[in-house]
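Have a look at the structure below before the remarks.
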Amino acid sequence: MAAHPSSPSATVLPVAFYERPVVQVAQDLVGCVVHHGAASGVILETEAYHDSEAACHAYVGLTARTSVLLGPPARAYVYRSYGIHALLNAVCEADGVGAAVLIRALAPLGDLAGMRARRGFVPDARLCDGPGKLTQALGLDLEVHDTSLVDGPVRITPRASGFQDVRLVAGVRIGITKAADLPWRFCAAGHRGVSRPWPAGLLT
DNA sequence: CATGGGATTGACT
DNA sequence: GTCAATCCCATGC
């Protein structure tokens, strides 16, 4: 952090950014930068989830698990998947609406050495090409669940240089069985560092 | 209190 | 292509 003297709060995406329709936020987040400590990466892939459709955890209503999803926007929703992986989501829309954007892939940007150490020295292109991989690379765990994305340990800043006008490729969401036909997955066109399978047209 | 499923990954056939 | 690892929590008896 000492190498970056600029004030973080001045450039962090504000609460109002997240307090919008979740499918819009999912698209706008591609190209933005996630920070955790010295580690950071450019978002290459997102998915939107909303409590109006069955794939969203909040579809079942208010429970201990879904209280954060249904709470105010601009907070981190982190949960464990398959007993092993921590998945990072940004809570969106108004307080009372269950909606979040799942961050599925990053282009590694800051603290590559730390990422390599935490990920076990895989090729750099594979450091953050999946939702469980990127949380491990960033050093995130469930401890950041229900923390602020504006002034908490995890922060997201606006689109990096070279990503202001990023072209998006939409596809269906990955790894779900319910509401599997909604095209709510968004990838940065031309970037191979996204999770498999690549959506049609990614490289064209 | 017991059971089962899941927004994944990596290793293996 | 298949499959197991392994945690949280919703559901049901």
Side-chain angles (χ1 to χ4, degrees), chain A residues 18 21-27 29-30 32 34 36 41 43-71 73 75-93 97-108 115-147 149 154 156 168-188 192-199:
Chain A
Y18 300 94
V22 67
V23 176
Q24 186 64 56
V25 178
Q27 295 172 71
L29 274 176
V30 175
C32 295
V34 179
H36 182 237
I43 298 173
L44 295 181
E45 179 182 2
T46 62
E47 284 179 1
Y49 288 85
H50 190 274
D51 61 17
S52 62
E53 44 90 15
C56 182
H57 291 167
Y59 184 70
V60 297
L62 179 61
T63 66
R65 184 190 202 187
T66 62
S67 63
V68 176
L69 265 178
L70 285 155
R75 299 190 69 78
Y77 171 62
V78 184
Y79 76 99
R80 192 167 299 289
S81 176
Y82 292 88
I84 302 173
H85 310 286
L87 271 56
L88 172 65
N89 301 253
V91 177
C92 296
E93 306 209 7
V97 178
V101 174
L102 170 66
I103 312 298
R104 289 190 57 90
L106 305 176
M115 287 187 177
R116 293 182 188 118
R118 286 183 289 268
R119 285 278 292 121
F121 299 94
V122 299
D124 284 358
R126 302 278 84 83
L127 283 173
C128 301
D129 65 338
K133 298 176 184 180
L134 71 90
T135 55
Q136 183 182 22
L138 290 173
L140 294 181
D141 211 331
L142 300 189
E143 61 189 19
V144 304
H145 177 59
D146 196 23
T147 60
L149 294 174
V154 179
I156 307 181
L168 300 182
V169 178
V172 296
R173 295 174 296 180
I174 303 301
I176 58 174
T177 56
K178 291 166 284 194
D181 55 333
L182 291 174
W184 284 6
R185 179 193 187 205
F186 303 101
C187 298
R192 295 168 180 257
V194 307
S195 61
R196 310 289 192 84
W198 291 343

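Residue numbering restarts at 1 for every chain, and letters A, B, ... go by the order of the sequence lines. As a basis for the values below, the full set of heavy atoms in this structure was taken, side chains included, without hydrogen atoms, waters or symmetry mates.
- Rounded to whole Å, atom P of B:dG6 lies 19 Å from atom CG of A:L142.
- Taking the side chain of A:P131 as heavy atoms from C-beta on, and the options C:dA10, C:dC8, B:dT8, the nearest nucleotide is B:dT8.
- Nearest to the side-chain atoms of A:Y82 among the listed nucleotides C:dC9, C:dA5, B:dT9 stands C:dA5.
- Atom CG of A:D129 and atom P of B:dT8 are 13 Å apart (whole Å).
- Side-chain N or O atoms of A:Q24 include none that pairs as donor or acceptor with a backbone N or O of A:P21 at under 3.5 Å.
- A residue-by-residue look at A:I176 and A:Q136 shows that A:I176 has its nearest nucleotide of DNA chain B further toward the 5' end.
- When the nucleotides B:dA7, B:dG10, C:dC7 are ranked by their closest atom to the side chain of A:L69, B:dA7 comes out on top.
- Atom OH of A:Y59 is separated from atom P of C:dT11 by 12 Å (rounded to the nearest Å).
- Taking only side-chain nitrogens and oxygens, A:S81 never comes nearer than 4.0 Å to OP1 or OP2 of B:dG6.
- Distance, A:E45 CD to B:dT8 C1': 13 Å, rounded to whole Å.
- Two residues are said to be in side-chain contact when any heavy atoms from C-beta on lie closer than 4.5 Å; A:V78 and A:T135 fail this criterion.
- The phosphate of B:dG10 (OP1 or OP2) has a side-chain N or O of A:K133 nearer than 4.0 angstrom.
- Nucleotides C:dA4 and B:dG4 are separated by 16 Å at their P atoms, to the nearest Å.
- Straight-line distance from the CD1 atom of A:I174 to the P atom of B:dT9: 11 Å, rounded to whole Å.
- Nearest heavy atoms, A:A26 versus A:A48: CB-CB, 3.9 Å.
- Comparing C:dC8, B:dT8, C:dT11 by their closest approach to the side chain of A:H85 singles out B:dT8.
- Residue-level contact check: A:R104 touches the backbone only, with heavy atoms under 4.0 Å from sugar-phosphate atoms and none from bases.
- Across all strands shown, B:dT9 forms a Watson-Crick or G-U wobble pair, both distances under 3.5 Å, with C:dA4.
- One interatomic measurement links the two molecules: CZ of A:R80 to P of B:dG5, which rounds to 21 Å at whole-angstrom precision.
- Checking the phosphate oxygens (OP1, OP2) of B:dG10, a side-chain nitrogen or oxygen of A:R119 falls inside 4.0 Å.
- Comparing atom distances between the A:I84 side chain and each of B:dT9, C:dC7, C:dT6 picks out C:dT6 as nearest.
- Taking 4.5 Å as the limit, some side-chain heavy atom of A:H57 sits within range of a side-chain heavy atom of A:Y77.
- Between A:T46 and A:Q27, every side-chain heavy-atom pair lies at or beyond the 4.5 Å cut-off.
- Residue A:Y79 and nucleotide B:dA7 are not classified as a stacked aromatic pair, given the requirement of ring centres less than 5.5 Å apart at an interplanar angle below 30°.
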